[in-house]
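Notes for the one structure printed next.
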2 protein chains.
Amino acid sequence: MKEGPDIAQIGALIGDPARANMLAALTGGRALTATELAGVGGITVQTASTHLAKLEAGGLLAQRKQGRHRYFTLADEAVARLIESMMGFAAGRGHLRHQPGPKEPALRKARICYDHLAGDYGVRMLDSLIASGSIDAVGDGLALTEKGESDLKRIGINVGDLRSSRRPLCRSCLDWSERRAHLAGSLGKALLSSFLDKGWARRTAESRSINFSPEGDRQFLKLFPVDP
Amino acid sequence: MKEGPDIAQIGALIGDPARANMLAALTGGRALTATELAGVGGITVQTASTHLAKLEAGGLLAQRKQGRHRYFTLADEAVARLIESMMGFAAGRGHLRHQPGPKEPALRKARICYDHLAGDYGVRMLDSLIASGSIDAVGDGLALTEKGESDLKRIGINVGDLRSSRRPLCRSCLDWSERRAHLAGSLGKALLSSFLDKGWARRTAESRSINFSPEGDRQFLKLFPVDP
DNA sequence: GCGATGCTTCGGTTACGATCGAACTATGAA
DNA sequence: TTCATAGTTCGATCGTAACCGAAGCATCGC
């Protein structure tokens, strides 16, 4: 007994439905205000305020004041990974939400996971990068190849810039809807950003889903073909 | 809101201190009875019984009856990974236990993590295997090399046998005390088993720590040297 | 200055769940 | 059979934490 770090504290933090909803919403990567988070949690602002204070004290959230707004984000990528891994686990056990909801298909197709692409399209992209020899997959680890680096430069992504950050370039992240890996890390972020910049896709207002335009869809599927 | 799987349920399950203690104890890999688990949770058997029922209903535990005893284990390796990853996260945030306790140093040196070696010795072993070229590390993924396969055969581990199981051979598992990776997967299990079989080390009765004998210590350090 | 908006703090209510004593079932030992 | 041990179920208690209304700050626009 009393062995090791205290998982009960963070378990309890995540264990409240309102807080869990807020955290899941923040996994979308966007900074949200206390009022918005109260909305996603289905509670009043007063209650949300105390919840947010607890989450911040627990080190799960960071906030920055901007005028009279208070923007909350996940404290760092480790929190996002924890949440996503718990989602993957929960999905595997059948701990699904009561009503699947109309937005579910869109989420399964393409959604944002902290700052990179997830869902069917996210998994497909990684598969294609591996098949084309741009990324080496060893066990559950990923590494960019020289071919990959030059291929990416051709679509406007300069890997050298990304390397300067302390964050790992490639990281595999388990997708809860597909139950397979998609690409995270700074490269995952850069790829999604480029899709948005090119106008291939747009983020939706209140949801984590990512909407591809018909043209963007075509381009994406051409760039990341699935092998027959 | 209402997007994705329900993490609040499992968060709440882990969020109770008594349940968290039981889960942490079961991460030791041993099957424990309800009474033993009541002990580690610091509660009466009645209370433990209801907790265990909840954990089982939530898919975190499995039980098997044996005579008048009821043995509980973690449902599968995924649960162990979840618990360990939460421990790693908690340790990183400073969510440590109130009193470090006398057993802490032993735990940091060598302990069992589900079924493989963790702690200083676990990290050291993986480092050494990578340095000697037995294991390839790419990103955070691990893969056994041909050299590794033959080296392991020399110390009595037949990798061919391990491959037949559906479980991955090599897996990296983040160590909460060292904050670095150690070796999990079926190979990690096989290595620890061999140390125990050879008499180099023994499991302790009530704790997760692993005790190396003086001779076992010598052999282990010789087999897995650290590069200067 | 003023009101409006965003958010926090305070106080009091409420509900849920952890807890344990006691009674009950099941298995094993004598 | 009887007694002992392991565990569950029941019932009642109790504490904590989630919750919201109301009041209090802070910041913006005017």
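Computed from a predicted model, the values in this text were never measured in an experiment. Residue numbers start from 1 in every chain, and the chains themselves are labelled A, B, ... in the order their sequence lines are given, proteins ahead of strands. Values reported hereafter were calculated over all heavy atoms of this structure, with side chains retained and with hydrogens, waters and symmetry mates removed.
Using a cutoff of 4.0 Å between basic side-chain nitrogens and carboxylate oxygens, Asp175(A) and Arg111(A) are scored as salt-bridged. With respect to the salt-bridge test (charged N to carboxylate O, under 4.0 angstrom), the residues Asp127(B) and Arg180(B) qualify. A salt bridge is absent between Asp76(A) and Arg167(A); no separation between the charged side-chain nitrogens and carboxylate oxygens falls under 4.0 Å.
Ranked by how close their nearest DNA chain C nucleotide is to the 5' end, Glu36(A) and Asp16(B) are led by Glu36(A).
Contact annotation: Arg70(B) does not reach the phosphate of dT27(C) (side-chain N/O to OP1 or OP2, under 4.0 Å).
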Check against side chain to side chain contact (heavy atoms under 4.5 Å, CB included), Tyr114(B) and Thr73(B): CA-CA 10 Å; Tyr114(B) 193 54; Thr73(B) 55; over 6 Å; no
Evaluate the criterion salt bridge (Lys or Arg N to Asp or Glu O under 4.0 Å) for residue pair Glu84(A) and Arg208(A); output intermediate values, then yes/no. CA-CA 13 Å; Glu84(A) 273 286 322; Arg208(A) 289 178 59 185; 2.9 Å; yes
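As a whole-Å value, the separation of His51(B) NE2 from dA18(C) P is 5 Å. Going from atom OH of Tyr71(B) over to atom C1' of dT27(C) covers 13 Å, rounded to whole Å. We find that CD of Gln9(A) is positioned 15 Å from C1' of dA17(D), with the value rounded to whole Å. Summarising the geometry, the separation between CZ on Arg19(A) and C1' on dC19(D) is reported as 12 Å, rounded to the nearest angstrom.
At distances below 3.5 Å, not a single donor-acceptor pair connects side-chain atoms of Arg203(B) with backbone N or O atoms of Leu196(B). Under a 3.5 Å cut-off, the side chain of Thr204(A) and the backbone N or O of Ser209(A) do form a donor-acceptor pair. Checking side-chain atoms of Arg124(A) against main-chain N and O of Phe224(A) turns up a donor-acceptor pair under 3.5 Å. Checking side-chain atoms of Arg19(B) against main-chain N and O of Ala12(B) turns up a donor-acceptor pair under 3.5 Å.
Within residues 53-64 of chain B, the residues approaching DNA chain C are Lys54(B), by heavy-atom distance under 4.0 Å.
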Reading 5' to 3' through nucleotides 20-30 of chain D, protein heavy-atom contacts under 4.0 Å coded B for base, S for sugar-phosphate only, - for none: BBB----BB--
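In this structure, a donor-acceptor pair under 3.5 Å is present between the side chains of Thr44(B) and Gln46(B).
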Identify the pairs formed between an N or O of the protein and an N or O of nucleotides 11-13 of chain D at a distance under 3.5 Å, and give each distance.
none

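The aromatic rings of Phe220(B) and Phe195(B) lie perpendicular to each other, with more than 60° between the two planes, well past the 30° mark.
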